[in-house]
Structures are given as structure tokens and as C-alpha cells.
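The structure appears below as C-alpha cells.
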Amino acid sequence: MSSLSSFFAQYGSLLGQGLADTLVMLFVSTAFSYVIGIFLGVVLCVTAPRGLRPMRALNAVLGWVVNIGRSIPFIILLVSVFPITRALVGTTTGVQGVIPPLVLSTTPFVARMVEQSLAEVPRDAIEAAEACGASIPRIVVSALLPEALPSIVRGVSITLIAVLGYTAIAGAVGAGGLGDIAIRYGYYRYQDEVMIATLVLIVILVQVIQSTCDAIAKKIDHR
Amino acid sequence: MISLEHLCKTFEGGNEVHALNDVSLTIPTGDVFGIIGISGAGKSTLVRCLNLLERPTSGRVVVDGVDVTNLKGAALREYRRHVAMIFQGFGLLAQKTALENVCFPYLASTGKVTTENREEALGYLDRVGLADRAGSYPAQLSGGQKQRVAIARALACHPDYILCDEATSALDPASTAQVLRLLRTINAETGVTIIVITHSMQVVEDICKDVAVLVSGKVVEQGSVAEVFANPQHEVTRQLLGKESWNE
């Protein structure tokens, strides 16, 4: 017991700061990714061959761009966009420095998740909305997105947990956060107890994210 | 009055499908008009060409003297409310209550739902016997109730025409009877023209005044229901009437 309290006395503030940094990276970059990703997902869905407004060229080009974005391993993307990151936030390290590459890497992923959720909405409900004389923006805002919302929320948990993994990778370039602590203390300095403490925190974080998103999705889903 | 003039619809692709092949029909105002045919005859394509969910490849759709075939944008959306539609699969939004579904046409038309709109929508729900289910979600309703919500939504479009695409095909006999009776009453009381797409002669017999028989994208027979039933000319009509056995 005393060893536990001495552990927290020594590393408590470090782990607390790491957790806070991780949460900031996680939620800020996921939020930005969803703002852009929902837009891209809607465009992908609406312009698809059997979508509301098929546009073959736009759909194909956007599809390629999204696929390219998803192809680049995060660690490579992270270092290759340093100039852009520096121009945007003035630094390439710390929590701030890692948010642009995280957004860049997560957005294509979110776009595909949202596209998938929108594609699951039954076609006849959307046709009925069309038959009521709704415009395409109206259908998207008042029918497509609300119908897909429970599925989109379930996707948020998958995205958050994937981004959590990215934030740990970002730790390798000094981004801070739990992943950074695990690498610096657990790996480089063989401090197993710090490694285990970060892992426990990350496991709890994953469980909380998953349970919360599941609960919200269940609450808002009326099917 | 709706006039279809030499309507053709060809689906491009690997092998071309001529879903409609020179269809000409006149549907008088106030009528309950049946379009009957076996699966794949082109019935759904025909009705979807009426509200332009499908664009005809050639030919014209003339409604109350106006050629609507090439309508676009706001004019097209306005026209679509003029010819409301109900679907075999109901087409209700699962995440909205019955009342919110019935309010959708107002949202589509003006971008908002006013208190008066809501009152009117409640009136339509009452009209279809579901005033007490206004707050229910589609998953909490039976098939027949869902279709009645869809009818209330169609009424909220203030239509002059209601298109029914196999509207009772997914329903049990009791719900079918209830929905058909409702459609007939609405036709009698409001004078709205109803166009019924079906593969069931029973449905035609129950509510239609006139009928056209569609075979492989062509109208092979049309006339009053009494005439066609008494003296069917085409083989498929006789099959549909059960006057010709398929088991010979």
C-alpha cells in the first residue's frame, strides 16, 4: 500500500499531465476530423453512382484522395507534414504540434465511416423524402444524417480508439501524452511500473469511450 | 388529368432493359386508376416516372395540361408534392415519430414546421385513425399502422394525385382492407385522384374504377374495371383473373 502511494507521489502528476495531454489530442483532433469528415462522407454518399446526385468524376477523385490519405502510415505522415504543421500551429512538437497530422490522418478514416453509416439508411425512406419534394440539402440535414446518427455515434467510438493509438505513436516525436510516457519511462528506462500504469489508464479510457458511445447510440436509436 | 404520351424508359447497362415501351395512358381527375401487371412488367418504373423519381428516356408526362417531363429544381419539388406517393416499404423515417414523419412535407416545402402545420398533421393522423400514436416511432407500429402514417404524410403534401406503389403488398389481409377502405374514402371525400400499382386483381376489384394491364412495359389492355373483368382480352389479364390456369 505504501509502495503504491509512494508510486503516485512520484509519478502521479506526470501521469495526470499525460492523461490530460492525451485527452486533449484525442478529442480536439477527433472533433476537427468529424467536422471535415462528415462533410466529405456526405459528398461521397450523395455523389455515389446510386446516390441522390451521382457525379462520377467528383466521386472518383474524392475517393482516391481519401484512399491516399488512408494509405500513408501515420508515423510517415507525421514527419512529412512538419512544414504544414509548423505553418499552422507554429511548432511540430507537443500536443499542439501533433493535432494537424492527427486531423489529416483521421479525416479520411472518418469520411469512410460516415459514408458507410449513410449508406446503411434504407433507400425507400430517402426516396420518400424525395417524393415529398425535399431538396438534396434538406434530405441530407433532415433525413439522411438523423437516420444515420446512431450508426455515426457507434463509429465515433471506433474512431476515438483508433486515434488513441495514433496519439501513442505521436509520443515518439515528443507529442506528450500517455504514449510518450510509456515510451520514455517504460521502454527507454525500463520502469515497468510506469509502463503498466499508463497501460491501465489507456485500457480504462478505451472501456469508457466504448461504453459511453454504445449507451448514447442505444439511447438515440428508435429502430 | 394525367396523360402519358409514348413513354419509354430504357435502363442502360450490361444488357439494356426496356422497362417501358411506348406507354400511353390517360388518367382522369378524381379516378381511382389501377395499373396491374406481373413482377417485372414495369409498373414501378411507370409510377416512378409519374413523379420523376425516374426520368423517362422519351415521351411526355402531362399533368393538368402542363408538360412536367423536364421539370427541375424548385418546380420539380413543388410538383412532387402535387403527386404524393406511398410505398410498399412505407418509407418512414425510423428516427422520427409518426407526427414528425407526417410533418416532413412542411419541412420539405418551407424549411420549418409551424404550430399550424403540426395541428394540421395531427388532423391527418386523426383522419387515418392514429391520433393516439402521434408520439410513436415506426418500430412501435404495425405494418398497417405504418402505411396509414405514410398516407397521412401523403395528405400533408396537399396532393391532387396520390401514387400507391404496391402499397398493400406487404400487409396482411385485414390491414390491406383497412388501407384500401381509407384510400377509397379519401378519394370519395376529397376528390383526389389515386393511382394504384398492384399485382393483385383483388386490390383492383376493391377500389379501382379503371384499370390498365401492363405486360413487358406495354399497356395491353385498359378500360373500366367492370369491362375488363367481364371480358378480359389478353392472356395475362385472364391469368391475373385466375381464369386461365398456370398449371396446365
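Letters go in sequence order (proteins before strands), and every chain restarts at 1.
- Within 6.0 Å of CE on A:Met55 lie no more than 12 heavy atoms contributed by other residues, nucleotides or ligands.
- Within the 4.5 angstrom heavy-atom criterion, only side-chain atoms of B:Leu53, from C-beta onward, approach chain A.
- Heavy atoms closer than 4.5 Å to chain B are found nowhere in A:Leu149, neither backbone nor side chain.
- Across all non-hydrogen atoms, the minimal contact from A:Cys132 to B:Ala108 is O-CB, 3.6 Å.
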Any idea which donor-acceptor pairs are under 3.5 Å between chain A and chain B?
from: A:Glu127; atom 1: OE1; to: B:Arg48; atom 2: NH1; distance (Å): 2.8
from: A:Glu127; atom 1: OE2; to: B:Arg48; atom 2: NH1; distance (Å): 2.8
from: A:Glu127; atom 1: OE2; to: B:Arg48; atom 2: NH2; distance (Å): 2.8
from: A:Cys132; atom 1: O; to: B:Arg81; atom 2: NH1; distance (Å): 3.2
from: A:Gly133; atom 1: O; to: B:Arg81; atom 2: NH1; distance (Å): 3.0
from: A:Ser142; atom 1: O; to: B:Lys96; atom 2: NZ; distance (Å): 3.1
from: A:Glu147; atom 1: OE1; to: B:Ala94; atom 2: N; distance (Å): 2.8
from: A:Glu147; atom 1: OE2; to: B:Ala94; atom 2: N; distance (Å): 3.2
from: A:Glu147; atom 1: OE2; to: B:Gln95; atom 2: N; distance (Å): 2.8
from: A:Asp221; atom 1: OD1; to: B:Gln95; atom 2: NE2; distance (Å): 3.0
from: A:His222; atom 1: N; to: B:Gln95; atom 2: OE1; distance (Å): 2.9
from: A:His222; atom 1: NE2; to: B:Tyr137; atom 2: OH; distance (Å): 3.2

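- Interface summary for chain A: among B:Ala74, B:Gly89, B:Ala94, B:Pro138, the most heavy-atom pairs under 4.5 angstrom belong to B:Ala94.
- Within 6.0 Å of the CZ atom in A:Phe39, the count of heavy atoms belonging to other residues, nucleotides or ligands does not exceed 12.
- The parts of A:Pro146 that come within reach of chain B are both its backbone and its side chain, each placing non-hydrogen atoms under 4.5 angstrom from that chain.
- With values rounded to the nearest 0.5 angstrom, B:Leu107 atom CG is found 11.0 Å from A:Ile139 atom CD1.
- For the options B:Ala150, B:Gly111, B:Ala154, heavy-atom pairs under 4.5 Å to chain A are most numerous at B:Gly111.
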